[in-house]
Amino acid sequence: MVLRIDDTDPARNVEGGEDALLADLEWLGIGFDEGPVRQSERAAQHAEAMERALGAGLAERDADGSLRLAGAGTTLARPDGTATYQLASVADDLALGITHVIRGSDHRPNLPVQQRIARALGGELPEVIHHGLMLGPDGKKLSKRHGHSSISQLRDEGFPAAAVRAYLDELGLPEHDVQLDVARLGRLAVDAIAAMPDEELAAAVEAPVEVVPALRGARSLLEAREYARLVVAPERTALGDDARLTLERFGELRRPAPEWLTSDEARAIVRELKAVGGDLRALRVALTGAERGPELASVLAALPRDEALERTS
RNA sequence: GCCCCCAUCGACUAGCGGCCUAGGUCACCACCCUUUCAAGGUGGCAGCACGGGUUCGAAUCCCGUUGGGGGCACCA
């Protein structure tokens, strides 16, 4: 597996583009054996290929000095002598001993041209497989408008890398274009978060390990982060007098219990409150400042005694 | 306009001439569980784009139509 950066056109190279690409690959956990090989650093090899193409009668010199594929008109080299993608990629495929290329179907029309160039260079093009393109949920070309239009955007939206990989694996190499299925991706994110070891999940949302059980129901890392915030640093909320009884009863149950509750002990307290007709919603709001969030028992288990009592007093 | 790909439930797919009354997963709907949201359990809805062939037999092979996509750069 060779990572090659096809940067033959300086005008189109984006500042930081390569780093962003590398970062995405690393995040996804996709490694490579060689590279990155930059085509911009292989001008000498490309010049050699031009000579051979000229010698084989494959290329013709234009009036302005550019090199064109005989008969077809495809440009192989610019007037300044730099190779275009068509020539450079074929020459490098051959030079690097590439055996297989997997690329999007937008490249399909290039196949016959590149096979022709490869033969003129005295070789044979690697085996090429084309796959369908990823479309937006509306069946149209993926764009910024859809959101989730790039790997880094998916990461920012809180999808775990494992979920994105699982989705890609599921897709395989479709022959036709494929619509991005956000719901499916979300489902895989739930599974991926559920499968994460405590330490990893804690690190991913920058939260203490004790709160991890409270994060388990989250559907995205963003949501998990929000859950963690509700446990660690909730907003203070004023509760009405009708909540008083439940909170007092909670205090009576919590005070004699250990500093940290096991999940069984936490569940037992919830069960007890439930049995006496306690207002669990009020307890939730007192503890997390929100009506919705992590499972109540897991919140109890994530808070030390004094903190829990303080929030409910 | 010209060239090239593709076509199964809403989505992603399994299917390579008889195991197809078309299977799975997600979504959706109902119910169960649960005094939050998820998760989990049970059940349900729903599809071979259309028209012709070939064959004893077609989702599967052939032709056409329609639809979708890609390409037609001194971009990659």
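The analysis underlying the following values was restricted to heavy atoms, covering all of them including side chains, and did not include hydrogens, waters or symmetry mates. In what follows, chains carry the letters A, B, and so on, assigned in the order in which the sequence lines appear, proteins first and then strands, with residues in each chain numbered from 1.
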Point to revise | Set of residues satisfying side chain to side chain donor-acceptor pair (under 3.5 Å) with respect to Glu210(A), sequence neighbours excluded | key: none
Practice item. Please collect all side chain to side chain donor-acceptor pair (under 3.5 Å) contacts where either partner lies in residues 225-234 of chain A, sequence neighbours excluded, each pair once. Key: Glu226(A)-Arg229(A), Arg229(A)-Glu235(A)
Practice item. Whole angstrom is fine here: how far is it from CG in Leu76(A) over to C1' in A76(B)? Key: 15 Å
Point to revise | Watson-Crick or G-U wobble mate for G43(B), both contacts under 3.5 Å | key: C29(B)
Point to revise | Rounded C1' spacing from G15(B) to A22(B) in Å | key: 8 Å
Review point. Checking all strands, does Leu67(A) fall into the base, sugar-phosphate, or nothing category for heavy-atom contacts under 4.0 angstrom?
Key: nothing
Study note, to complete from the structure: Test side-chain contact (heavy atoms from CB on, under 4.5 Å), reference Leu87(A), set Leu69(A), Thr82(A), Ile117(A), output is Ile117(A)
Check your understanding: Given atom CG of Leu3(A) and atom C1' of A76(B), what is their separation to the nearest angstrom?
Key -> 15 Å
Point to revise | P atoms of C50(B) and G10(B), separation to the nearest Å | key: 13 Å
Practice item. Scan residues 294-309 of chain A for pairs that pass side chain to side chain donor-acceptor pair (under 3.5 Å), counting only residues two or more places apart or in two chains. Key: Glu307(A)-Arg311(A)
Study note, to complete from the structure: When both distances are under 3.5 Å in a Watson-Crick or G-U wobble arrangement, the nucleotide paired with A59(B) is none
Practice item. In whole angstrom, give the distance that lies between atom CZ of Arg103(A) and atom P of C5(B). Key: 15 Å
Check your understanding: Taking only residues two or more places apart in sequence, or in another chain, which ones meet Arg165(A) in a salt bridge (Lys or Arg N to Asp or Glu O under 4.0 Å)?
Key -> none
Review point. Separation of His131(A) atom NE2 from C5(B) atom C1', in whole Å?
Key: 13 Å
Exercise for review: Sort and list the pairs that fulfil side chain to side chain donor-acceptor pair (under 3.5 Å) and have at least one residue in residues 42-51 of chain A, not counting sequence neighbours.
Suggested key: Arg42(A)-Asp92(A), His46(A)-Asp92(A)
Practice item. Please round to the nearest 0.5 Å and tell me the distance separating atom CG of Leu253(A) and atom CD of Glu265(A). Key: 12.5 Å
Practice item. Remember a base hit wins even if backbone is also touched, and classify Asn110(A) as base, sugar-phosphate or nothing at under 4.0 Å, heavy atoms. Key: base
**Study point:** Side-chain heavy atoms of His131(A) within contact of Glu175(A), under 4.5 Å
**Key:** no
Exercise for review: Select base, sugar-phosphate, or nothing to describe what Gly278(A) touches, counting heavy atoms under 4.0 Å on all strands.
Suggested key: base
Point to revise | Lys/Arg N to Asp/Glu carboxylate O, Arg68(A) vs Asp62(A), below 4.0 Å | key: yes
Point to revise | Inter-nucleotide P distance (C9(B), G71(B)), Å rounded | key: 25 Å
Any protein N or O atoms within reach of nucleotides 37-47 of chain B? Criterion: under 3.5 Å, listing atom names and distances.
unit_1: C37(B); atom_1: O2; unit_2: Tyr227(A); atom_2: OH; d: 3.1
unit_1: A38(B); atom_1: O2'; unit_2: Gly217(A); atom_2: O; d: 2.8
unit_1: G40(B); atom_1: OP1; unit_2: Arg187(A); atom_2: NH2; d: 3.3

**Study point:** Gap in Å between the two P atoms, one belonging to U21(B) and one to G57(B), rounded
**Key:** 16 Å
Point to revise | With sequence neighbours excluded, residues passing ring-ring contact (aromatic ring centres under 6.0 Å, His included) with Tyr85(A) | key: His107(A)
**Study point:** Residues in side chain to side chain donor-acceptor pair (under 3.5 Å) contact with Asp19(A), at least two apart in sequence or another chain
**Key:** none
Exercise for review: Flag the pair Gln115(A) / Leu111(A) as yes when at least one side-chain heavy-atom distance between them is below 4.5 Å, and no otherwise.
Suggested key: yes
Review point. When rounded to the nearest Å, what value does the distance between P atoms of G47(B) and C6(B) take?
Key: 26 Å
Point to revise | Sorted by number, the residues of residues 5-25 of chain A with heavy-atom contact under 4.0 Å to RNA chain B | key: Asp6(A), Thr8(A), Asp9(A), Arg12(A)
Check your understanding: Is there a Watson-Crick or G-U wobble partner for G67(B) with both distances under 3.5 Å, and if so, which one is it?
Key -> C6(B)
Check your understanding: Atom OH of Tyr85(A) to atom P of G71(B): distance rounded to whole Å?
Key -> 12 Å
Exercise for review: Hunt down the Watson-Crick or G-U wobble partner of G17(B), both distances under 3.5 Å, from any strand shown, or write none.
Suggested key: none
Point to revise | G18(B) versus C62(B) - spacing of their P atoms, nearest Å | key: 16 Å
Check your understanding: When rounded to the nearest Å, what value does the distance between C1' atoms of A49(B) and U34(B) take?
Key -> 44 Å
Point to revise | salt bridge (Lys or Arg N to Asp or Glu O under 4.0 Å) involving Glu310(A) - partner list, sequence neighbours excluded | key: Arg236(A)
**Study point:** C72(B): pairing nucleotide in any strand, Watson-Crick or G-U under 3.5 angstrom
**Key:** G1(B)
What pairs of nitrogen or oxygen atoms, one from the protein and one from nucleotides 9-13 of chain B, lie under 3.5 Å apart?
unit_1: A11(B); atom_1: O2'; unit_2: Asp181(A); atom_2: OD2; d: 3.0
unit_1: C12(B); atom_1: OP1; unit_2: Gln179(A); atom_2: N; d: 3.0
unit_1: U13(B); atom_1: OP2; unit_2: His176(A); atom_2: NE2; d: 3.0

**Study point:** Rounded distance in Å between the P positions of C20(B) and G70(B)
**Key:** 37 Å
Practice item. For His107(A), answer base if it contacts any base atom (sugar-phosphate contacts may also be present), sugar-phosphate if it contacts only those atoms, and nothing otherwise; contact means non-hydrogen atoms under 4.0 Å. Key: base
Practice item. For Asp169(A) and U25(B), give me the distance from atom CG to atom C1', rounded to whole Å. Key: 15 Å
Revision key, fill the gap. Residues 187-206 of chain A vs side chain to side chain donor-acceptor pair (under 3.5 Å), sequence neighbours excluded, gives Arg187(A)-Asp191(A), Asp198(A)-Arg216(A)
Review point. Rounded to whole angstrom units, what separation is found between the CG atom of Asp106(A) and the P atom of C72(B)?
Key: 9 Å
Check your understanding: For RNA chain B, whose closest nucleotide is more 5', that of Ala77(A) or that of Arg281(A)?
Key -> Arg281(A)
Point to revise | d(CG, Leu215(A); P, U36(B)) in whole Å | key: 19 Å
